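One structure below.
Below, chain A is the first sequence line, B the second, and so on; all start at residue 1. What you are looking at is a predicted structure, and each value in this text was computed from that prediction instead of being measured.
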Number of protein chains: 2
Amino acid sequence: MKTERNPENTRHRILQAAFQEMHKHGYQGMRIDRILTKTGLKKGALYHHFSSKQVLGYAVLEERIQKRITALWIDPLTSFADPLEGIHTLFTELENDWDDAFFSLGCPLNNLAQEMSPIDDGFRKRIQNFFKFWQKAIADALKKGQRQGIVDSSINTENCALFILASIEGALGMTKNHQDKEVYYICSRELERYLNTLKATYTH
Amino acid sequence: MKTERNPENTRHRILQAAFQEMHKHGYQGMRIDRILTKTGLKKGALYHHFSSKQVLGYAVLEERIQKRITALWIDPLTSFADPLEGIHTLFTELENDWDDAFFSLGCPLNNLAQEMSPIDDGFRKRIQNFFKFWQKAIADALKKGQRQGIVDSSINTENCALFILASIEGALGMTKNHQDKEVYYICSRELERYLNTLKATYTH
DNA sequence: ACTAGTACAAACCAACTAGTCTGTCTATAA
DNA sequence: TTATAGACAGACTAGTTGGTTTGTACTAGT
């Protein structure tokens with residue numbers, strides 16, 4: 001009986017297990033040994049694919065977390081006719097895409113941002129760049145709305161996008177601590193109140 | 001030359017050093033040895049005052065973090081004539097009370113909430129109760145505004161208070177990651193836009 | 001002044017943790 | 001078929017971590 005070998009699959013399994021570890025325990029709380037137990041691999045295998053815990057951490061951030069957020073939160077932004085409605089839809093219908101782990105463990109990107117920003121500039125800058133990318137995507141959607149006359153032309157789209165992002169992350173953080181999805185839905189409805197202030201006023 | 005003894009002061013110094021450690025590294029990243037270096041004490045002294053790292057962590061949360069937030073953020077809420085203006089004032093003038101560490105290291109309460117909620121129910125419940133206490137204080141201020149006719153009587157004050165809290169924590173998180181106070185001020189101005197939607201409408 | 005509990009210091013320890021080293025099996029290309 | 005590099009396993013290690021044990025100087029109560 002031959003040992004099955006599939007390096008790409010092995011690497012993927014390590015990334016998946018490491019992601020779960022980081023999502024629950026944070027980067028510092030992530031344990032290499034737990035990843036090995038979860039994957040059934042040995043140290044030699046893990047360190048063959050990733051030269052250090054830090055390299056593995058960066059890989060989880062870039063190859064799993066950022067890619068997934070891009071697919072679920074950022075790419076869809078361009079597909080909505082009304083950006084304000086689109087943002088709110090994206091915000092409220094997230095329950096279908098992300099499972100319960102998202103509510104009980106929070107946004108993996110923001111978790112890392114809060115934990116690592118003060119102590120590892122490699123993490124901090126990667127996350128900061130991605131947040132800027134995300135913010136720009138929201139701002140672009142709002143600008144498109146401005147050109148269509150749906151969004152108030154006097155607002156600063158970058159500033160609004162930043163606040164929207166901060167509110168979403170804040171709401172997810174509260175939800176995680178309260179362990180109650182309802183917290184998220186309440187914040188979602190209040191964010192809608194804010195989004196309504198960005199509508200174009202038809203007074204002319 | 002006698003050794004100076006001052007148990008209350010020693011306990012306070014440990015709490016202070018532990019707070020700084022937790023603020024920067026998180027609870028898991030906090031190292032007992034660094035606290036000893038910072039205070040100049042030995043292990044015997046620390047473990048005489050606190051029986052474990054966990055007990056010390058809980059003490060930092062309750063005796064330093066929660067007390068300080070109560071004094072700077074919650075107690076002042078009752079002193080404003082207009083709660084909406086009061087909340088915004090409290091939010092923007094925070095730079096005077098909390099030093100730069102607050103911007104670069106984030107809100108110590110929310111840091112702990114994000115880090116520990118999934119892995120330590122003792123932390124989670126203590127923080128949750130305190131967030132509820134904070135939320136209630138904001139809601140009470142809004143209710144007072146409703147009775148005065150300043151705040152829209154149709155809003156759900158608890159829901160609005162929750163969103164305000166989430167937004168503040170979210171904004172501080174963004175600020176920490178971007179290492180830029182301006183991020184905070186931008187969010188502050190956008191929160192003002194939200195707060196304005198809570199004003200009583202004088203249409204009668 | 002005596003005593004007993006308090007407030008520490010100093011040395012020690014077991015468990016853990018990331019990372020290394022060596023060797024072996026496997027797939028692939030010549 | 002065989003040489004070579006890749007993909008692992010298994011055992012090991014140096015350093016770290018929270019925590020303990022023991023001893024001692026100080027101090028408050030009597």
Side-chain angles (χ1 to χ4, degrees), chain A residues 1-61 63 112 115-116 119-123, chain B residues 1-61 63 112 115-116 119-123:
Chain A
M1 179 184 153
K2 290 196 275 185
T3 306
E4 298 168 32
R5 272 198 183 180
N6 193 335
E8 278 186 34
N9 182 46
T10 300
R11 188 190 145 89
H12 185 264
R13 275 164 55 215
I14 295 171
L15 277 173
Q16 168 66 2
F19 167 73
Q20 290 175 352
E21 269 286 304
M22 286 171 66
H23 201 186
K24 178 164 186 182
H25 300 276
Y27 171 77
Q28 297 181 93
M30 169 175 88
R31 297 289 173 247
I32 301 293
D33 282 347
R34 280 201 295 260
I35 296 173
L36 300 179
T37 302
K38 216 172 270 185
T39 56
L41 294 167
K42 302 296 175 182
K43 281 234 169 115
L46 191 145
Y47 279 92
H48 174 71
H49 288 280
F50 301 95
S51 58
S52 71
K53 182 183 175 182
Q54 194 184 49
V55 166
L56 175 58
Y58 289 172
V60 168
L61 172 60
E63 297 178 36
L112 265 182
E115 179 190 5
M116 301 306 291
I119 56 176
D120 185 309
D121 230 43
F123 270 113
Chain B
M1 178 184 153
K2 291 197 274 185
T3 307
E4 296 168 33
R5 271 200 184 179
N6 193 336
E8 278 185 35
N9 181 47
T10 299
R11 189 190 145 89
H12 185 264
R13 276 164 53 216
I14 295 171
L15 277 174
Q16 168 66 4
F19 167 74
Q20 291 176 351
E21 269 286 303
M22 286 172 66
H23 201 185
K24 178 165 186 182
H25 297 94
Y27 171 77
Q28 296 180 95
M30 169 175 89
R31 296 291 170 244
I32 301 293
D33 282 348
R34 280 202 294 260
I35 296 173
L36 301 178
T37 303
K38 216 172 269 184
T39 55
L41 294 166
K42 303 295 175 182
K43 281 226 171 127
L46 190 146
Y47 278 91
H48 174 70
H49 288 281
F50 301 95
S51 58
S52 71
K53 183 184 176 183
Q54 194 184 51
V55 166
L56 175 58
Y58 289 171
V60 167
L61 171 60
E63 297 178 36
L112 266 182
E115 178 191 6
M116 302 306 292
I119 56 178
D120 185 309
D121 230 44
F123 270 113

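Taking only side-chain nitrogens and oxygens, A:Lys53 comes nearer than 4.0 Å to OP1 or OP2 of C:dA18. At least one side-chain nitrogen or oxygen of B:His48 sits closer than 4.0 Å to the OP1 or OP2 atom of C:dA7. Neither OP1 nor OP2 of C:dT6 sits under 4.0 Å from any side-chain N or O of B:His49. Considering only side-chain N and O atoms, B:Thr10 lies under 4.0 angstrom from the phosphate OP1 or OP2 of C:dC8. In this structure, B:Lys42 does not reach the C:dC8 phosphate: none of its side-chain N or O atoms is under 4.0 Å from OP1 or OP2. Distances shown here put a side-chain N or O of A:Arg31 below 4.0 Å from the OP1 or OP2 atom of C:dA18. Neither OP1 nor OP2 of D:dG18 sits under 4.0 Å from any side-chain N or O of B:Ser52.
With contacts defined as side-chain heavy-atom distances shorter than 4.5 Å, the pair B:Tyr58/B:Glu63 does not qualify.
Along DNA chain C, the nucleotide nearest A:Asp33 and the nucleotide nearest A:Gly44 are compared for position; the residue whose nucleotide lies closer to the 5' end is A:Asp33.
For A:Lys43 and D:dG10, a side-chain-to-base donor-acceptor distance below 3.5 Å is absent, hydrogens and geometry of angles not being considered.
Rounded to a whole Å, the CG atom of B:Leu36 is 15 Å from the P atom of D:dT16. Atom OH in A:Tyr27 sits about 12 Å away from atom C1' in C:dT17, given to the nearest Å. One interatomic measurement links the two molecules: OH of A:Tyr47 to C1' of D:dC12, which rounds to 14 Å at whole-angstrom precision. C:dT6 atom P lies 15 Å from atom CZ of B:Arg11, rounded to whole Å. At whole-Å resolution of the value, CD1 in B:Ile14 and P in D:dG19 are 14 Å apart. Going from atom NE2 of A:His25 over to atom C1' of C:dA18 covers 17 Å, rounded to whole Å. Rounded to whole angstrom, the span from the CD1 atom of A:Ile32 across to the P atom of C:dA15 amounts to 22 Å. Distance, B:Gln28 CD to C:dT17 C1': 14 Å, rounded to whole Å.
Using modelled atom types, one side-chain atom of B:Glu21 and one backbone atom of B:Arg31 make a donor-acceptor pair closer than 3.5 Å. Of the possible donor and acceptor atoms, one in the side chain of A:Thr37 sits under 3.5 Å from a partner among the backbone N and O of A:Asp33. Within the 3.5 Å criterion, the main-chain N or O of B:Tyr27 finds a donor-acceptor partner in the side chain of B:Glu115. Looking at B:Gln28, its side chain does come within 3.5 Å of a backbone N or O of A:His25 through a donor-acceptor pair.
Set against C:dG19, D:dG18, D:dA7, the side chain of A:Pro7 has D:dA7 as its closest nucleotide.
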